[in-house]
There are 2 protein chains.
Amino acid sequence: MSSSSGSGRSATEARALKIHSEAERRRRERINAHLATLRRMIPDTRQMDKATLLARVIEQVKLLKRKASEATTQSTPLPPETDEVSIELHTGDANAGADRVIYIRASISCDDRPDLVARLAQAFHGLRLRTVRADMTSLGGRARHVFILCKDEGRGAAGVGASASLRSLKEAVRQALARVASPETAYGSSPFQSKRQRILDSHYSIMSI
Amino acid sequence: MSSSSGSGRSATEARALKIHSEAERRRRERINAHLATLRRMIPDTRQMDKATLLARVIEQVKLLKRKASEATTQSTPLPPETDEVSIELHTGDANAGADRVIYIRASISCDDRPDLVARLAQAFHGLRLRTVRADMTSLGGRARHVFILCKDEGRGAAGVGASASLRSLKEAVRQALARVASPETAYGSSPFQSKRQRILDSHYSIMSI
DNA sequence: GCGCACACGTGATCC
DNA sequence: TGGATCACGTGTGCG
């Protein structure tokens with residue numbers, strides 16, 4: 001205490017005290033305003049305890065952090081444990097007859113190895129397919145690659161048997177991918193290798209060229 | 001006031017008051033503990049105003065929400081018209097000290113050309129970075145490629161200057177990508193070519209090897 | 001002295 | 001009435 005006598009406050013003290021309380025009120029208002037904002041942007045927090053509200057904020061920040069991080073590092077599911085090849089045809093706009101562009105979505109899941117991408121590129125090149133889009137994942141020795149391929153000009157197969165040639169093209173792509181996925185099928189190389197071992201062994205890059 | 005006489009409090013009143021103040025203290029402690037937690041999980045908020053801390057929390061939640069949302073909706077499929085290079089570091093869980101794995105999200109947008117992917121792979125290889133995931137788009141002569149790179153073992157830079165070496169690694173990747181994006185900057189090759197022309201000319205494959 | 005930010009105790013209020 | 005929460009004024013320390 002700076003100065004005091006028995007009775008009340010001096011005039012200056014009273015005024016200072018008032019200023020102080022007002023400042024403190026403004027401070028509380030700032031904090032509470034921010035709290036209200038948080039309450040608005042987080043679901044199911046209307047009329048909830050100030051403390052538990054903060055708990056939910058923490059929880060939400062954690063969750064969003066995980067979500068954002070994992071979304072930037074892997075936006076597609078993990079490579080499946082079983083080998084798969086899938087082909088889809090997409091003729092861009094069925095009625096627009098002018099351009100005759102064919103898109104193929106080819107997906108392959110298999111064990112990863114250094115020459116995988118190169119082999120695939122080679123296969124596509126041999127089929128006169130252009131890779132417009134590619135999505136590749138390599139994890140734990142497994143790879144899952146998805147390609148959007150484009151057959152720009154169906155000149156050679158334009159006329160009558162277009163539909164038939166489409167099917168054969170599709171089948172050709174499937175076989176090519178299957179060959180790449182397991183080059184030595186029919187050979188007796190043991191397919192039994194633990195997942196753990198594969199993970200330990202695998203430090204392949206999907207872009208080893 | 002419930003009851004009062006001139007002098008002091010009754011014994012029961014005093015005890016109740018004490019209980020009350022203790023409860024209030026506990027409440028404050030809970031709130032402050034949560035605030036401390038938030039302060040820990042948001043960068044650069046050590047000894048910062050309680051109010052401004054909450055402001056940063058709001059800001060962070062907004063940012064993370066946008067990030068997570070746009071990452072799940074994949075809202076940037078088309079290559080932008082302007083050249084861009086962006087690098088992001090992701091150390092997997094800052095506190096889990098054991099594994100020391102570093103992920104880098106590197107994104108490049110530029111004119112497409114046959115050797116682009118090969119150049120990028122070469123650059124990453126030179127920086128001892130493994131490509132764990134790749135997402136490549138080629139459309140209308142423009143390319144937008146996103147890579148998740150992995151620096152498996154920071155053996156050489158583990159100790160003191162880890163943070164600094166991270167920054168320098170990030171900068172190295174950025175410069176490498178910039179070089180690949182526009183190899184002949186500073187030369188006088190005319191940058192003026194119509195978008196239309198580029199589209200007509202471009203039949204590149206992003207996997208031409 | 002002044003401004004700022006914090007913790008504390010207290011009265012009011014609502015189940 | 002008892003427990004829980006809130007807003008308020010005040011005391012106190014730091015630049």
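Note on naming: letters A, B, ... go to the chains in the order of the sequence lines (proteins, then strands), and numbering restarts at 1 for each one. Here the structure is a predicted model, which is why all the values come from computation and not from measurement.
Atom pair A:H20:NE2 and C:dA5:C1' shows a separation of 9 Å (rounding to whole Å applied). Across the protein-nucleic acid pair, A:I31 atom CD1 and C:dC4 atom P stand 14 Å apart, rounded to whole Å. Taking atom CG on A:L35 and atom P on D:dT5, their separation rounds to 14 Å, with Å as the unit. Rounded to whole Å, atom C1' of D:dC8 lies 12 Å from atom CG of A:N32. Rounded to an integer number of Å, the gap from CZ of B:R15 to P of D:dG3 is 11 Å. A:R26 has its CZ atom 16 Å from the P atom of C:dC6, to the nearest Å. The CG atom of A:L17 sits 15 Å away from the C1' atom of C:dG3 (whole-angstrom rounding). Computed from coordinates, the B:M48 CE to C:dA5 P distance equals 12 Å when rounded to whole Å.
Each of B:A23 and A:S21 has a nearest nucleotide on DNA chain D; the 5'-most of these lies closest to B:A23. Toward the 5′ end of DNA chain C lies the nearest nucleotide of B:D49, the other residue of the pair B:D49 and B:R25 mapping further downstream.
The pair B:D135-A:R133 meets the salt-bridge criterion, with a side-chain N (NZ, NE, NH1 or NH2) lying under 4.0 Å from an Asp/Glu carboxylate O.
The nucleotide whose nearest atom lies closest to any side-chain atom of B:R27 is, among C:dG11, D:dT5, C:dA7, D:dT5. For B:R28, counting side-chain heavy atoms from C-beta on, the closest listed nucleotide (C:dG11, D:dA7, C:dA7) is C:dA7. Taking only side-chain atoms of A:K50, from C-beta outward, the nucleotide of C:dC6, D:dG9, D:dC6 with the closest atom is D:dC6. Considering only the side chain of B:E24, D:dT5 comes nearest among D:dT5, C:dA5, D:dG9.
In this structure, B:K18 does not reach the C:dT10 phosphate: none of its side-chain N or O atoms is under 4.0 Å from OP1 or OP2. Using a 4.0 Å cut-off, some side-chain N or O of A:R30 falls inside it from OP1 or OP2 of C:dA5.
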Can you check salt bridge (charged side-chain N to carboxylate O under 4.0 Å, His left out) on A:D83 and A:R142, steps first, answer last? CA-CA 9 Å; A:D83 284 10; A:R142 295 290 294 177; 3.0 Å; yes
Decide yes or no on side chain to side chain donor-acceptor pair (under 3.5 Å) for B:E88 and B:H90, but give the supporting numbers first. CA-CA 7 Å; B:E88 273 180 54; B:H90 291 270; 3.2 Å; yes
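Of the possible polar contacts, one joining the A:K65 side chain to the B:M41 backbone as a donor-acceptor pair under 3.5 Å is found.
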Just distance, no hydrogens or angles: give the donor-acceptor pairs under 3.5 Å from side chains in residues 46-54 of chain A, sequence neighbours left out.
from	atom 1	to	atom 2	distance (Å)
A:K50	NZ	A:N32	OD1	3.3
A:T52	OG1	A:D49	N	3.4
A:T52	OG1	A:D49	O	3.1

